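To keep things clear, I will list the structure first and then write my remarks on it.
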Amino acid sequence: MTVSFLPGLLSLALLATDCSRPAPPATVTPPTPPAPASTAPVAPALQVGATQFGRYVPQLKGKRVGLVVNQTSRVGQAYLVDTLLAQGVGVKTIFAPEHGFRGEAADGATIKDGKDARSGLPVRSLYGATKKPTPEMLQDLDVLIFDIQDVGTRFYTFISTLHYVMEAAAEQGKEVVVLDRPNPNGWYVDGPVLDPALKSFVGLDPLPIVHGLTVGELAQMLNGEKWLAGGVQCKLTVVPVAGYTHATRYELPVRPSPNLPTAQSVALYPSLCLFEGTDVSVGRGTSTPFEVLGSPKQPASRPFTFVPTPNPGSTDPPQKGQTCRGVNLHDAKVEGFTLRYLLDFYQQSTAKDQFFNKGFERLAGTKELRPQIIAGKSEAEIRKSWEPGLSQYKQLRKKYLLYPES
């Protein structure tokens, strides 16, 4: 069921971090006690940060504002940029991440500078030759607002954009306001922690594959742990989600990117994205991306086949025009991150020497996983190698949580 953004019953304090000292611990006002009722209490409706105008619009008055937004940056059905302009906020620039401001660009496509047809505002690309805002881009701005829906994985590039936006803002003395949104995979933490030697745009910070944070919590961690270049810290304000806990199972009202169109694809994404570093198609170029797996180098006994074909979300999909044999996970029960699909497809590959490609380690975040799979290690054996890093990260994460775990 899609969650409706209605006024919530839980009020969370606005959090501000000064650039001159480490991020302070999150403070959360207690929830309003429920009224007596004869039936079980109803969970409060969620209220995302963007809808809580009284907590951030007043501090934008008289300031020159840049928006780091995409198609998920909405207040109800309206785009945040249109909403803020209608309220008299001085929006001057839109910054577009991967897939563009309207979220329509194909996977991996270079995003170009341009102009928003509706508002007439300039759109500056942060996915292409320039991934970090330049001093020139920020010179006429006072504050940057970041409002993009994340899906909770290290390799989803919007959090890398957040990292670079905060870093540039700190270096240029600009404020950052993060309008927080729920994490649909925020109920658990899993996977190997990134090896710094494998740092890239699909993994900038020492996070596990499933980091278990909202964007607002992650922003506080980037500041507090001094992970930005040179240990700089930006002046940061987080507007938390009202009525949210990490146990909340949240179905996104807008697809976060072209190839994550359903709740099932979002849930499977943490486990299936590792296949992007192999010869196995995850269904780009089909109507069910990240719900199917297949390769021409899988045995004929596989029960399901599909043929990737160029479409708006993937103009040159892996295994284009090839019959891919594999599995359909449309109705699979998802219980978190798993390696079982990856181990199975490697074991059944008819060309194991061609299974992995050079991008696998960047996605995995570790140089150990490939040889472990080749050696026939079990998932349980592989998981042991993620310690103590994963347990240490879980302890670190607790310092920056804005929401209850249950």
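In this text, all values refer to a predicted model and were calculated from it rather than measured experimentally.
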Practice problem: Identify whether the distance between the nearest side-chain nitrogen and carboxylate oxygen of R302 and D344 falls below 4.0 Å. | Solution: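 Salt bridge between R302 and D344, a charged N being under 4.0 Å from a carboxylate O: yes.
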Quiz item: Would you call R383-D190 a salt bridge at under 4.0 Å N-O?
Solution: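 Yes.
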Self-check item: Criterion salt bridge (charged side-chain N to carboxylate O under 4.0 Å, His left out) against E405, the qualifying member of K398, K394, R397
Solution: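 Result: among K398, K394, R397, R397 is the only option passing the salt bridge (charged side-chain N to carboxylate O under 4.0 Å, His left out) with E405.
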Check whether any side-chain heavy atom of [X] sits under 4.5 Å from a side-chain heavy atom of [Y], and report yes or no.
| X | Y | result |
| --- | --- | --- |
| Y56 | L84 | yes |
| H211 | E217 | no |
| V266 | N185 | yes |
| P208 | W386 | no |
| F355 | K297 | no |
| V178 | T214 | no |
| V81 | L121 | yes |
| R284 | V282 | yes |

Ignoring hydrogens and angles, tell me if any N or O in the side chain of [X] forms a donor-acceptor pair with the backbone of [Y] under 3.5 Å.
| X | Y | value |
| --- | --- | --- |
| E167 | A229 | yes |
| H246 | G186 | yes |
| T286 | G283 | yes |
| D82 | S119 | no |
| D195 | T366 | no |
| Q372 | K377 | no |
| T130 | K132 | no |
| Q233 | N223 | yes |
| T248 | Y250 | no |
| R55 | P240 | no |

Looking at [X], I'd like to know if its [atom1] atom is crowded, meaning that more than 12 non-hydrogen atoms belonging to other residues, nucleotides or ligands lie closer than 6.0 Å.
| X | atom1 | value |
| --- | --- | --- |
| K92 | NZ | no |
| K63 | NZ | yes |
| K61 | NZ | yes |

Quiz prompt | Stepwise ring-ring contact (aromatic ring centres under 6.0 Å, His included) check, F356 with Y346 | solution = CA-CA 9 Å; F356 295 102; Y346 176 77; 5.7 Å; yes
Residues 318-327, side-chain donor-acceptor partners within the protein, below 3.5 Å, at least two apart:
residue, atom, partner, partner atom, Å
Q319, NE2, D279, O, 2.8
K320, NZ, D316, OD1, 3.1
R325, NE, Q298, O, 2.7
R325, NH2, P296, O, 2.4
R325, NH2, Q298, O, 2.9

Quiz item: What do the steps show when you test T93 against F95 for side-chain contact (heavy atoms from CB on, under 4.5 Å), and what is the final call?
Solution: CA-CA 7 Å; T93 307; F95 293 95; 3.9 Å; yes
Quiz prompt | Evaluation steps, salt bridge (Lys or Arg N to Asp or Glu O under 4.0 Å), between R181 and D150 | solution = CA-CA 8 Å; R181 292 180 180 269; D150 184 40; over 6 Å; no
How many angstroms lie between atom [atom1] of [X] and atom [atom2] of [Y], to the nearest 0.5 angstrom?
| X | Y | atom1 | atom2 | answer |
| --- | --- | --- | --- | --- |
| I159 | F201 | CD1 | CZ | 10.0 Å |
| K367 | L369 | NZ | CG | 14.0 Å |
| N328 | T288 | CG | OG1 | 6.0 Å |
| E368 | E361 | CD | CD | 11.0 Å |
| Q77 | T83 | CD | OG1 | 11.0 Å |
| Q149 | R74 | CD | CZ | 12.0 Å |

Examine the side chains of [X] and [Y] and answer whether a donor and an acceptor come within less than 3.5 Å of each other.
| X | Y | value |
| --- | --- | --- |
| N183 | Y403 | no |
| E98 | S257 | no |
| N70 | T72 | yes |
| T262 | S265 | yes |

Please give me the minimum heavy-atom distance between [X] and [Y], naming the atom from each residue.
| X | Y | value |
| --- | --- | --- |
| M221 | L213 | CE-CD1, 3.7 Å |
| P97 | I148 | CG-CD1, 3.7 Å |
| P133 | A168 | O-CB, 3.4 Å |
| L402 | Q220 | CD2-NE2, 3.3 Å |
| V123 | A96 | CG1-CB, 3.8 Å |
| Y341 | L329 | CE2-CD2, 3.8 Å |

Self-check item: side-chain contact (heavy atoms from CB on, under 4.5 Å) evaluation trace for L342 with T278
Solution: CA-CA 9 Å; L342 187 61; T278 74; 4.2 Å; yes
Practice problem: Kindly indicate, with the supporting measurements, whether the criterion side-chain contact (heavy atoms from CB on, under 4.5 Å) is fulfilled by L218 and V215. | Solution: CA-CA 5 Å; L218 177 58; V215 169; 5.6 Å; no
Self-check item: S160 and its side-chain contact (heavy atoms from CB on, under 4.5 Å) partner, picked from L126, L204, D205
Solution: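 By the side-chain contact (heavy atoms from CB on, under 4.5 Å) criterion, S160 pairs with just one of L126, L204, D205: L204.
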Under 3.5 Å, which donor-acceptor pairs link side chains of residues 134-141 to any protein atom two or more places apart or in another chain?
residue, atom, partner, partner atom, Å
T134, OG1, M137, N, 3.2
E136, OE1, R124, NH2, 3.2

Quiz item: Would you call the rings of F158 and Y156 parallel, tilted or perpendicular, where under 30° means parallel and over 60° means perpendicular?
Solution: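 Judged by the thresholds at 30° and 60°, the geometry between F158 and Y156 is perpendicular.
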Exercise. Measure from NZ or CZ of K358 to the centre of the six-membered ring of F360, then state whether that distance is under 6.0 Å and the direction lies within 45° of the axis.
Key: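 Judged by the rule (NZ or CZ under 6.0 Å from the ring centre, within 45° of its axis), K358 is not positioned above F360.
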Exercise. Begin from the C-alpha positions of E379 and T338 and carry the test side chain to side chain donor-acceptor pair (under 3.5 Å) through to its verdict.
Key: CA-CA 8 Å; E379 179 160 358; T338 181; 3.3 Å; yes
Quiz item: Is there any ring-ring contact (aromatic ring centres under 6.0 Å, His included) pair reaching into residues 271-293, and which pairs are they, with sequence neighbours excluded?
Solution: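 Qualifying pairs, neighbours excluded: Y269-F290, F275-F345.
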Exercise. Give the C-alpha distance, both sets of side-chain angles, the deciding distance and a yes or no for side-chain contact (heavy atoms from CB on, under 4.5 Å) between L343 and I382.
Key: CA-CA 11 Å; L343 297 176; I382 293 171; 4.1 Å; yes
